[in-house]
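Structure first, commentary second.
Note that the structure is a prediction, hence the values are computed from the model and not measured. Counting starts at 1 for both ligands and their atoms, in listed order. Sequence positions, counted from 1, serve as the residue numbers for this chain.
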Amino acid sequence: MTSTQQLDGARAVVTGAAGGIGAAIARAFLDCGAKVLVADLPGAAGFDSYTADVGRGAARPIEADVTDDDAPDRIVEAAADVFGGIDILVNNAGVALPGTIEETTDALWRRVMSVNVDAMFRLTRAAVPYLKRSGRGRIINLGSIMSDMGGPGLFAYGASKHAVAGMTKSLAVDLGRYGVTANYLQPGAVVTALSAPFFEDADFRRYWEEKAPVGRLGAPEDCAAAALFLASAEAQFISGVGFNVDGGAIVKF
Ligand SMILES: NC(=O)c1ccc[n+]([C@@H]2O[C@H](COP(=O)([O-])OP(=O)(O)OC[C@H]3O[C@@H](n4cnc5c(N)ncnc54)[C@H](O)[C@@H]3O)[C@@H](O)[C@H]2O)c1
């Protein structure tokens, strides 16, 4: 990706960066001159895509389940050791486990909250001292159009993405005085491994293609373009915002 929004020398952490939206964000950052610590589950296949970036010292993979107790410290300490600090934190790792409230077991609820909310809180808390020191700190969290709306059969997921919105607004309020902005992306229907099972239903797929005024499903690169802007110097006065990346789907009834 080429952009006028250069990130030369910026030091970023992107979770869930082995695939999908996280990988597209990490790639966009790398292409714009950032250094990126790419975190994902142990053994994630997508780490291979960073081999050349690792070779030139721009990327460093770290195998970490973000829900592990020691993950936040391991991730921020790795970024500090390898890059000398953190300027941009992208909390992207997430899971969408389906279920209405009656289908939502305690275990399903805890898993969704643990990845989508608890891990975001704990990693951000660990990164904040570095982001404050940066002078250009950026927090970009992955919400969803379900940070504003309910969605059928995604009870725990919807609750978790509303929590992302609340958490990000509070971060924006508390951290602005340190030059740190906090925003959240609100992807609509974006084709990735996470959403693939839902799009196997042809009616569901057509619904979202037609609901988006631009007439298509989203790609991970659509989200990366938004993240790149929010990470840029140009976006320094934008904070506490939920940024829809949905082809206009949500504003059309
Ligand atoms: N795809 C969509 O349509 C869509 C829509 C709205 C929001 N989102 C959000 O965007 C984010 C990325 O979603 P995606 O569609 O790219 O999903 P994806 O499944 O393609 O990628 C998610 C990545 O996160 C990693 N991951 C999952 N759990 C992890 C854990 N515990 N520790 C470390 N890494 C973990 C996975 O291994 C994977 O590489 C999520 O937060 C998701 O909720 C996606």
Any idea which atoms of ligand 1 are less than 4.0 Å away from a heavy-atom of [X]?
X	answer
R111	31 (N)
A193	20 (O)
P187	5 (C), 6 (C), 7 (C)

- Item | Note: R110-D118 ion pair, threshold 4.0 Å (strictly below) | no

| query | Between D222 and R216, is there a side-chain N and carboxylate O pair less than 4.0 Å apart? | reply | yes

Just to be sure I read this right, does ligand 1 sit under 4.0 Å from the backbone of [X], its side chain, both, or neither, counting only heavy atoms?
X	answer
Q186	neither
M120	neither
T15	neither
A64	backbone

Nearest neighbour in protein (non-hydrogen) for [atom]:
atom	value
atom 2 (C) of ligand 1	V190 O, 3.4 Å
atom 13 (O) of ligand 1	L194 CD1, 4.0 Å
atom 44 (C) of ligand 1	I21 CD1, 3.7 Å
atom 21 (O) of ligand 1	G19 O, 4.0 Å
atom 43 (O) of ligand 1	Y157 OH, 2.6 Å
atom 14 (P) of ligand 1	T192 OG1, 3.5 Å
atom 37 (O) of ligand 1	D40 OD1, 2.6 Å
atom 31 (N) of ligand 1	D65 OD1, 2.9 Å

query: Are M120 and I21 co-members of a hydrophobic cluster defined by side-chain heavy atoms under 4.5 Å apart?
result: no

Out of S160, P42, G94, A23, the nearest non-hydrogen contact to atom 22 (C) of ligand 1 is supplied by G94

Closest heavy-atom approach to atom 4 (C) of ligand 1 among G218, G188, C223, S195 is made by G188

Checklist entry - When only distance counts, is V95 in polar contact with ligand 1, meaning an N/O pair under 3.5 Å? => result no

*asked:* Using a plain distance cutoff, I'd like to know if S144 has any nitrogen or oxygen under 3.5 Å from a nitrogen or oxygen of ligand 1.
replied: no

Do other residues, nucleotides or ligands put more than 12 heavy atoms under 6.0 Å from R122 CZ? yes

**Message:** How about CZ on R177, more than 12 heavy atoms from neighbouring residues, nucleotides or ligands closer than 6.0 Å, or not?
**Reply:** no

Open item on the list: Within the 4.5 Å heavy-atom criterion, are L154 and F198 side-chain neighbours or not?
Closed with: yes

Which of W208, Y207, F204 passes ring-ring contact (aromatic ring centres under 6.0 Å, His included) with F199? It is F204

Output for pair (M113 CE, Y157 OH), nearest 0.5 Å, gives 11.5 Å

Between A64 and R74, the two heavy atoms sitting closest are CB-NH1, 3.8 Å

